[in-house]
Undergrad: 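Supplied in structure tokens, the structure appears directly below.
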Amino acid sequence: MDTKLYENWSEEEKEKRISNNFIRQIIIDDLKTNKWGGRVHTRFPPEPNGYLHIGHAKSICLNFGLALEFGGLCNLRFDDTNPTKEDEEYVKAIIEDVRWLGFDWEDRLYFASDYFEQLYDYAVQLIKKGKAYVCDLSQDEIRETRGTLTEPGIESPYRNRSVEENLDLFERMRKGEFPDGARTLRAKIDMASPNLNMRDPVIYRIKHASHHRTGNKWCIYPMYDFTHCLSDSIERITHSICTLEFEDHRPLYDWFLDELGVYHPQQIEFARLNLSYTVLSKRKLLELVKNGIVDGWDDPRMPTIHGLRRRGYTPEAIREFAEIIGVSKKESLVDIAVLEHCIRDDLNKRAQRAFCVLNPLKVVIDNYPDDLVEEIDALNNPEDLSMGTRKVPFSKVIYIERDDFMENPPPKYYRLAPGKEVRLRYAYYITCTDVVKDPNTGEIVELHCTYDPTTRGGQSADGRKVLGTIHWVSAKHCFEAELRLYDRLFLKENPNEVEEGKSWLDYVNPNSLVITKGLCEPFLRNAKPEEKFQFERLGYFCVDSKLSKPNVPIFNRTITLKDSWSKILKNLQNS
RNA sequence: AGGGAUGUAGCCAAGCGGUAAGGCAUCGGCCUUUGGAGCCGACAUUCGCAGGUUCGAAUCCUGCCAUCCCUGCCA
């Protein structure tokens with residue numbers, strides 16, 4: 001596992017990179033008071049009913065990160081108590097994602113369903129203690145008697161059945177004598193509690209459904225509240241970290257453990273992640289998939305781990321993101337620019353550079369020998385010289401970016417223009433001498449330039465300066481590849497805030513995917529799935545792992561480079 | 001007879017009775033063979049509001065306001 005990120009940090013680095021948060025502080029305090037005998041044991045407990053997204057990544061990094069930092073353990077546990085919603089497919093995908101993020105649960109992969117027998121025994125104990133009863137009320141009746149936010153509920157007529165009768169009925173529930181929904185097992189707590197969760201919550205329901213792990217062994221399944229605290233207890237979890245909406249469940253969590261007199265972890269709640277310009281609810285993500293708005297759970301526009309991975313995000317960037325956004329109890333909307341900053345920062349240091357021209361404009365270098373081909377040395381990564389250099393073929397006819405030429409340039413434009421000189425990155429200085437247009441449309445179809453042979457490599461002997469440096473590819477040597485330009489999925493900062501008469505789907509960005517082509521330098525032909533590059537001056541791109549074929553890479557744009565020129569242009573136009 | 005939580009800059013977020021960290025974004029400048037990266041600087045006289053305690057309050061107390069969560073046999 002890549003534990004380097006946390007374990008090999010110096011104290012100084014830790015100080016700088018690990019920001020404090022209230023959960024970390026609780027652990028530090030507990031360690032001081034020896035509350036758990038010096039142990040830190042967390043768990044990540046997903047329900048296998050969908051794909052993990054960046055919000056889960058926050059939780060994963062929190063739970064595993066805390067264990068790593070304090071020399072503790074973190075379990076991966078599937079909360080699989082509802083067979084009708086869950087599937088093995090999700091189990092596999094989740095395992096893959098957590099591992100890809102760089103975390104390791106060693107031999108501690110657990111399933112709540114592994115505890116069904118033990119959980120059943122606990123329920124029997126509760127019945128024997130007079131703290132649980134079999135209720136014959138229907139689902140509607142239970143709802144009707146629950147009361148409201150301001151009124152107490154009404155006690156079930158079955159609430160005071162004898163222990164013997166309850167034991168018998170519960171056993172017969174397990175044996176399958178009753179149809180779905182006929183009876184439930186309920187905790188006997190307080191129908192007048194201001195906390196609705198405490199109004200005799202259902203803890204077992206009858207579901208004649210096949211479970212992805214236990215098959216048809218069970219026809220009664222325990223509910224979340226009953227299962228979760230006891231699973232934590234069984235696994236000797238110290239800090240059970242969950243999201244804010246479970247705050248109201250904590251009294252129940254504590255109640256079960258106290259009534260049963262078993263090992264009692266501490267539940268701690270934090271605010272779930274919200275990210276601007278996207279949605280993070282399973283329901284909405286599923287809707288995007290079902291409506292064909294995206295191409296599947298792993299569509300590169302999706303905020304799922306699968307999607308981010310395919311888009312070109314790295315585990316390092318996601319972990320860094322999780323670290324810097326912090327953990328608190330305040331409901332917030334994190335600017336997606338933070339995530340984008342993390343991937344730029346990581347890829348800038350690590351991604352191999354390459355030349356690719358998106359909107360080509362042909363340039364003929366009139367004074368360059370017709371058949372000469374030179375091998376130009378180019379840095380693979382100016383940020384990391386150890387990545388070496390590569391040869392890029394150069395010849396008389398090249399393509400440059402259409403944006404890198406303007407016939408009537410505004411002030412401060414220091415790319416190519418008639419009579420102006422620019423540097424072709426790593427190659428030569430060229431000066432534009434002629435512009436060829438289509439006689440009918442007036443569109444610029446070709447440029448003629450001259451080059452200065454003494455500037456090879458991109459430096460002039462006389463020390464004259466050129467401000468502009470542009471990228472290029474040799475017409476004879478480049479190849480065309482499919483490029484998929486991705487942008488934010490939504491146009492609205494918070495798509496969950498829906499205006500009157502609209503739907504959140506109305507805010508989907510119709511241009512979140514633009515499929516186009518680009519002219520690539522030769523070595524890119526052999527790029528492998530998931531390989532990441534910086535196409536100089538354009539952005540970071542990643543070879544699509546699903547659509548690419550050997551020697552026919554398809555590149556996904558992960559994120560553009562920052563573009564301060566467009567800002568200058570905008571200001572120019574405004575003034 | 002409602003309950004539970006949360007309010008520190010545009011967005012996150014430290015802070016724990018001694019005089020407002022850090023990051024993102026933004027805006028300047030320097031530097032640059034990526035208008036990238038990097039570097040330097042600016043960016044809360046004030047912490048939801050109003051009172052109170054204190055030599056001293058974002059931190060303690062009281063009241064108010066705003067927002068979020070809770071009436072699944074989902075998790």
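Below, chains carry the letters A, B, ... as their sequence lines are ordered, and counting in each starts from 1. Here the structure is a predicted model, which is why all the values come from computation and not from measurement.
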Undergrad: Can you tell me how far C1' in B:G2 sits from the matching atom in B:G15, rounded to whole Å?
TA: 34 Å
Undergrad: Considering residues at least two apart in sequence or located in another chain, which fulfil the salt bridge (charged side-chain N to carboxylate O under 4.0 Å, His left out) criterion with A:Lys175?
TA: A:Glu171
Undergrad: Regarding A:Ala271, tell me which of base, sugar-phosphate or nothing describes its non-hydrogen contacts under 4.0 Å with the strands shown.
TA: nothing
Undergrad: Could you write nucleotides 68-75 of chain B as a row of B, S and -, 5' to 3', where a protein heavy atom under 4.0 Å of any base atom gives B, of only sugar-phosphate atoms gives S, and otherwise -?
TA: SBBBSBBB
Undergrad: Syn or anti for B:G7, please, going by whether the chi angle lies within 90° of 0.
TA: anti
Undergrad: Taking atom C1' in both B:C70 and B:A13, what distance in whole Å separates the two?
TA: 28 Å
Undergrad: Between atom CG in A:Asn274 and atom P in B:A13, what is the gap in whole Å?
TA: 11 Å
Undergrad: Donor-acceptor pair under 3.5 Å: do we get one between A:Glu383's side chain and the base of B:G36?
TA: yes
Undergrad: When we call it a touch if two heavy atoms are under 4.0 Å apart, what does A:Pro382 touch: a base, just sugar-phosphate, or nothing?
TA: base
Undergrad: Which part of the nucleic acid, if any, lies within contact of A:Val327, taking any heavy atom under 4.0 Å across all strands shown: a base, the sugar-phosphate backbone alone, or nothing?
TA: sugar-phosphate
Undergrad: Between B:A5 and B:G63, how many Å separate the two P atoms, rounded to a whole number?
TA: 16 Å
Undergrad: Give the nucleotide from the list B:A25, B:A5, B:U34 with an atom nearest to the side chain of A:Lys329.
TA: B:A5
Undergrad: Does A:His341 put a side-chain nitrogen or oxygen below 4.0 Å from OP1 or OP2 of B:C24?
TA: yes
Undergrad: Quantified in whole Å, what is the C1' atom distance between nucleotide B:G48 and nucleotide B:G7?
TA: 6 Å
Undergrad: Between A:Glu245 and A:Arg272 (salt bridge meaning N to carboxylate O under 4.0 Å), is one present in this structure?
TA: yes
Undergrad: Using Watson-Crick or G-U wobble geometry with both distances under 3.5 Å, which nucleotide pairs with B:G38?
TA: B:C30
Undergrad: For A:Ile336 and B:G23, what is the distance between atoms CD1 and C1' respectively, to the nearest whole Å?
TA: 17 Å
Undergrad: Could you tell me which nucleotide pairs with B:C16 by Watson-Crick or G-U wobble geometry, both distances under 3.5 Å, or answer none if nothing does?
TA: none
Undergrad: Are any non-hydrogen side-chain atoms of A:Ile203 and A:Asp225 less than 4.5 angstrom apart?
TA: no
Undergrad: Hey, what do you get for CG (A:Asp377) to OH (A:Tyr426), rounding to the nearest 0.5 Å?
TA: 10.0 Å
Undergrad: Side-chain donor-acceptor pair under 3.5 Å between A:Thr455 and A:Asp452, yes or no?
TA: no
Undergrad: Nearest-nucleotide wise, let me know which of A:Glu151 and A:Val338 is further upstream toward the 5' end of RNA chain B.
TA: A:Glu151
Undergrad: Whole Å only: how far is the CG atom of A:Leu467 from the P atom of B:U34?
TA: 11 Å
Undergrad: Remember a base hit wins even if backbone is also touched, and classify A:Glu340 as base, sugar-phosphate or nothing at under 4.0 Å, heavy atoms.
TA: nothing
Undergrad: Name the closest nucleotide to the A:Arg537 side chain, picking from B:G15, B:G4, B:G35.
TA: B:G35
Undergrad: Is a donor from one side chain sitting under 3.5 angstrom from an acceptor on the other, for A:Glu89 and A:Tyr51?
TA: yes
Undergrad: Are any of the side-chain nitrogens in A:Arg43 or A:Glu235 under 4.0 Å away from the carboxylate oxygens of its partner?
TA: no
Undergrad: Compare the minimum distances between each of B:G35, B:U26, B:C24 and the side chain of A:Lys567, then state the nucleotide with the smallest one.
TA: B:U26
Undergrad: Check every atom of B:U34, B:G36, B:G15 against the side chain of A:Arg425 and return the nucleotide holding the closest atom.
TA: B:U34
Undergrad: For A:Phe355, answer base if it contacts any base atom (sugar-phosphate contacts may also be present), sugar-phosphate if it contacts only those atoms, and nothing otherwise; contact means non-hydrogen atoms under 4.0 Å.
TA: nothing
Undergrad: Can you confirm whether or not the ring centre of A:Tyr204 sits under 6.0 Å from the ring centre of A:Tyr221?
TA: no
Undergrad: Considering Watson-Crick and G-U wobble pairs with both distances under 3.5 Å, what does B:A1 pair with?
TA: none
Undergrad: Between A:Phe116 and A:His211, does a ring pair (Phe, Tyr, Trp, His ring centres under 6.0 Å) hold up when you go through it step by step?
TA: CA-CA 12 Å; A:Phe116 280 172; A:His211 185 281; 5.8 Å; yes
Undergrad: Is the phosphate of B:A14 approached by A:Asn21 (side-chain N or O, under 4.0 Å from OP1 or OP2)?
TA: no
Undergrad: With a 4.0 Å cut-off on heavy atoms, is A:Leu538 in touch with a base, just the backbone sugar-phosphate, or nothing at all?
TA: nothing
Undergrad: Reckon A:Tyr414 touches a base, only the sugar-phosphate, or nothing at all at heavy-atom distances under 4.0 Å?
TA: base
Undergrad: When the P atoms of B:G18 and B:A57 are considered, how many whole Å apart are they?
TA: 11 Å
Undergrad: In whole Å, measure the gap between the C1' atoms of B:G29 and B:U19 for me.
TA: 32 Å
Undergrad: Hey, which sits more toward the 5' end of RNA chain B by its nearest nucleotide, A:Tyr426 or A:Phe22?
TA: A:Phe22
Undergrad: According to the Watson-Crick and G-U wobble definitions, with both distances under 3.5 Å, which nucleotide is paired to B:U6?
TA: B:A66
Undergrad: Within this structure, what is the CZ-to-C1' distance between A:Arg319 and B:G23, rounded to whole angstrom?
TA: 19 Å
Undergrad: Using Watson-Crick or G-U wobble geometry with both distances under 3.5 Å, which nucleotide pairs with B:C60?
TA: B:G52
Undergrad: Give me the distance, rounded to whole Å, that separates B:G17 from B:C11 when you measure between the P atoms they each carry.
TA: 28 Å
Undergrad: Less than 6.0 Å separating the ring centroids of A:Tyr224 and A:His228?
TA: yes
Undergrad: Hey, does the side-chain of A:Arg415 have a donor or acceptor N/O within less than 3.5 Å of a partner on the base of B:G35?
TA: yes
Undergrad: Describe the nucleic acid contact of A:Gln534 in one word from base, sugar-phosphate, nothing, applying a heavy-atom distance below 4.0 Å.
TA: base
